[in-house]
Novice: 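Below you'll find the structure I mean.
The chains referred to below are lettered A, B, ... by the order of the sequence lines, with proteins before strands, and numbering in each begins at 1.
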Amino acid sequence: MEDTIIAQRRAKAEAMREKGLHPYANDFRVTHMAGALHAEHDGATEADFEERRIDVAIAGRVMAVRSFGRVVFLAVDDRSGRIQVTLFKKQVPAEVWELLKLLDVGDLIGAEGPLMVTRKGELSVKAEQLRIITKSLRPLPEKWAGLTDVSTRYRQRYVDLIVNADVRETFRKRAEIVRYIRRFLDDRDYLEVETPMLQPIYGGASARPFKTHHNALDMQLYLRIAPELNLKRLVVGGLHRVYEINRCFRNEGVSTRHNPEFTMLEFYEAFATYEDLMRLTEELLSGLCEHLHGTAEIEVEGHQISFAAPFRRLSIYDGIVEYAGVPREQVTDRAALLEAAERLGVKKADTLPLGYLQMEVFEAAAEEALIQPTFVTDFPLEVSPLSRKKDGDPTLVDRFELYIAGRELANAFSELNDPDDQRRRFEAQVAQRAAGNEEAHPMDEDYVRALEYGMPPAAGQGIGIDRLTMLMTDSASIRDVIFFPLMRPEA
RNA sequence: GGGCCAUUAGCUCAAUUGGCAGAGCAACGGACUCUUAAUCCGCAGGUUGAAGGUUCGAUUCCUUCAUGGCCCA
């Protein structure tokens, strides 16, 4: 029973105290990391170390104990990897040998001694001193099957990380992705900024917000659904290349690709168009994939995905023709679209304005089929209240979304910088809202005022960092790339 | 929101038609001087997710609830 095991281990901690040993000491100094020792000395022979003694002090968590009477092997994990510690009864002080009786798998230990190579050729630390630095009271999951229960893995991520090396690797890759993006944008003279997450008016995306309240000012605030409008205020202010990587919040359902809080990269560049951003995105993603995997082609959900530029371009209308089977001359025909929507199982289609209807049909028919990286372009005006109208067709905007492996990864457009047009777009959104669309934008007077000062022509893009990490680590659920995904309370 | 599935020892999983709730690992006791999931001997560990119902008898059948997964909307 678990309580029995915990009680036994507590008793061992108590036994340590009786010997004058602190079961939660913090005075051990590490000189070497497991990963570096392997990198430097794997392949060495015992004769090499007899010739040249190399003393090390390592510390980490005991993941396995293999005892042979007068020889004991410990598998010890530190942050860089695993190293074996070997103890010979004859060669350690008696009190160290006694201490092994109090040692459990899961304890954090410190070991000091020279490097050695076992008869089987494994690099080891031949311990001359061993300390239990932190006594672990709870048993780790079984060593071979490990921890697989997904609920426990997410709720007790610390255990998941201790026992599942691939989980540690996924999160290491996530950090590497963010680092790569920062370097990529910094190198192009972008400025990293931070803008408020608490906002009196939310905007920049179509979503329902979380509401909260500021006591001292007695005001309603929203957690941002996107940083977009503040970043463009900075572009107005002369920060012509800016980016932010941080959390956004959307009060929506939870699924394998949605978590209520998620991390988004948004970047804005003045004097650029959405077409420039397509090229930038191709460069960013192919470079990132090469950096992580050494190749621009990886497997995701069983598909070979190639990040080699150029990515496919597909307009919304072409997509509706190709995937929804609507004849080219009928892509703006309400009746034809409604027929397709019916066939594709879109609900409440008859209540939707034309642009929204086109998007529903496109998404229902095409989204899952877009496996290779595809820039979906030429969005309807109504669904794009912040995008610049297309020169030559004012019913469309200069916008794209990037789809990879059937998932939406990025959204970008040339920015609308005509303040009067922006005001009309907001007014149309407010009307949509009055008609029952809870995701429509509220009016933002200050944003219009900012545009009235003059925002340079610009283009901007948002990329979901969680989804990008899913893609680059072939993770099926967003919960596998977020340390602590939202869960209901334990029963 | 709807449908299906799962929940049994610390972990990973069994349990025949409704008939004494089991194994491996971990733990505990012991053997063992080179292991890599060490091996061997011994021993112990259970409110079968919760509540209720049917039954002589429920892990098993029924109802409700909780948590999670998959699919659909």
Novice: Of the options C34(B), U12(B), A26(B), whose atoms approach the side-chain atoms of Lys143(A) most closely?
Specialist: A26(B)
Novice: Between C43(B) and G30(B), how far is it from one P atom to the other, in whole Å?
Specialist: 15 Å
Novice: Taking atom P in both C11(B) and U63(B), what distance in whole Å separates the two?
Specialist: 29 Å
Novice: Could you check whether any side-chain N or O of Arg174(A) sits under 3.5 Å from a backbone N or O of Leu468(A), counting only pairs where one atom can act as donor and the other as acceptor?
Specialist: no
Novice: Sub-3.5 Å donor-acceptor pair from the side chain of Thr374(A) to the main-chain atoms of Val376(A), do we have one?
Specialist: no
Novice: Could you work out the separation of U48(B) and C5(B) based on their P atoms and round it to a whole Å?
Specialist: 23 Å
Novice: How close or far is atom P of C71(B) from atom CD of Glu368(A), stated in whole angstroms?
Specialist: 10 Å
Novice: Within the 4.5 Å heavy-atom criterion, are Glu297(A) and Gln304(A) side-chain neighbours or not?
Specialist: yes
Novice: Do the side chain of Asp474(A) and the main chain of Glu301(A) share a donor and acceptor less than 3.5 angstrom apart?
Specialist: yes
Novice: Which nucleotide, in any strand shown, forms a Watson-Crick or G-U wobble pair with U63(B), with both distances under 3.5 Å?
Specialist: A51(B)
Novice: Does a side-chain N-to-carboxylate-O contact under 4.0 Å join Arg53(A) and Glu128(A)?
Specialist: yes
Novice: Would you mind telling me which of G69(B), U33(B), U67(B) lies closest to the side-chain atoms of Arg488(A)?
Specialist: U67(B)
Novice: Give a yes/no on whether any side-chain N or O of Arg155(A) is located under 4.0 angstrom from OP1 or OP2 of G68(B).
Specialist: yes
Novice: Given atom CG of Asp160(A) and atom C1' of C11(B), what is their separation to the nearest angstrom?
Specialist: 13 Å
Novice: Mind checking who G46(B) pairs with, Watson-Crick or G-U wobble, both distances under 3.5 Å?
Specialist: none
Novice: Is there a Watson-Crick or G-U wobble partner for G18(B) with both distances under 3.5 Å, and which nucleotide is it?
Specialist: none
Novice: From the set C13(B), A27(B), G68(B), return the single nucleotide nearest to any side-chain atom of Arg479(A).
Specialist: G68(B)
Novice: If you only use heavy atoms from C-beta on, which nucleotide in A38(B), U36(B), G68(B) is closest to the side chain of Phe68(A)?
Specialist: A38(B)
Novice: In whole angstroms, how far is the C1' atom of U36(B) from the CH2 atom of Trp144(A)?
Specialist: 10 Å
Novice: Taking only the side-chain heavy atoms of Pro141(A) (C-beta and beyond), determine which of A26(B), C11(B), G68(B) contains the nearest atom.
Specialist: C11(B)
Novice: Looking only at the side chain of Thr148(A) (C-beta and beyond, no hydrogens), which of the listed nucleotides A27(B), C32(B), C13(B) gets closest?
Specialist: C13(B)
Novice: Considering only atom P, compute the distance from C32(B) to C13(B) and round it to an integer number of Å.
Specialist: 37 Å
Novice: What distance, rounded to whole Å, do you find between the two C1' atoms, one in G18(B) and one in U59(B)?
Specialist: 11 Å
Novice: Need one value for Ser67(A): base, sugar-phosphate or nothing, where a base atom within 4.0 Å counts as base even if backbone is also close, heavy atoms only.
Specialist: base
Novice: Taking only the P atom of each, what is the distance from U8(B) to G46(B) in whole angstrom?
Specialist: 15 Å
Novice: So, the side chain of Arg250(A) versus the backbone of Phe262(A): is there a donor-acceptor pair under 3.5 Å, distance only?
Specialist: no
Novice: Here's a test of your reading of the structure: between Glu122(A) and Lys347(A), which maps to the more 5' nucleotide of RNA chain B?
Specialist: Glu122(A)
Novice: Would you kindly give the CZ-to-C1' distance between Phe73(A) and A37(B), to the nearest whole Å?
Specialist: 15 Å
Novice: 5'-most contact on RNA chain B: Val65(A) or Gly69(A), nearest heavy atom basis?
Specialist: Gly69(A)
Novice: Which nucleotide wins on minimum distance to the side chain of Met116(A), given the candidates A26(B), C34(B), G68(B)?
Specialist: C34(B)
Novice: Starting at CG of Asp149(A) and ending at P of A9(B), how long is that distance when rounded to a whole Å?
Specialist: 11 Å
Novice: Between Tyr356(A) and Gln358(A), does the side chain to side chain donor-acceptor pair (under 3.5 Å) criterion hold? Intermediate values first, please.
Specialist: CA-CA 5 Å; Tyr356(A) 289 88; Gln358(A) 288 167 329; over 6 Å; no
Novice: Send over the distance from Lys101(A) NZ to C28(B) P, rounded to a whole Å.
Specialist: 12 Å
Novice: In terms of side-chain heavy atoms of Arg66(A), which of C32(B), C11(B), A38(B) is nearest?
Specialist: A38(B)
Novice: In whole Å, what separates the C1' atom of U60(B) from that of U39(B)?
Specialist: 38 Å
Novice: Could you tell me whether the side chain of Lys89(A) has a donor or acceptor atom within less than 3.5 Å of a complementary atom in the base of U33(B)?
Specialist: no
Novice: Just name whichever nucleotide pairs with A58(B), Watson-Crick or G-U, keeping both distances under 3.5 Å, else none.
Specialist: none
Novice: Any donor and acceptor pair, going by atom type alone, linking the side chain of His213(A) with main-chain N or O of Leu221(A) inside 3.5 Å?
Specialist: no
Novice: Counting heavy atoms from C-beta on, name the nucleotide in G24(B), C34(B), A26(B) closest to the side chain of Glu142(A).
Specialist: G24(B)
Novice: Between C11(B) atom C1' and Ile162(A) atom CD1, what is the distance in whole Å?
Specialist: 14 Å
Novice: Tell me the partner of A26(B), counting only Watson-Crick (N1-N3 plus N6-O4 or O6-N4) or G-U wobble (N1-O2 and O6-N3) with both under 3.5 Å; none if nothing fits.
Specialist: none
Novice: Nearest whole angstrom, please: distance from the C1' of A37(B) to the CG of Leu140(A).
Specialist: 15 Å
Novice: Which nucleotide, if any, forms a Watson-Crick or G-U wobble pair with G68(B), using both distances under 3.5 Å?
Specialist: C5(B)
Novice: When you measure from the side chain of Lys12(A), which nucleotide among A37(B), G69(B), A27(B) comes out closest?
Specialist: A27(B)
Novice: Report the base-pairing partner of A31(B) (Watson-Crick or G-U wobble, both distances below 3.5 angstrom), or none.
Specialist: U39(B)
Novice: Provide the distance between the two C1' atoms, one in G10(B) and one in C72(B), to the nearest whole Å.
Specialist: 37 Å
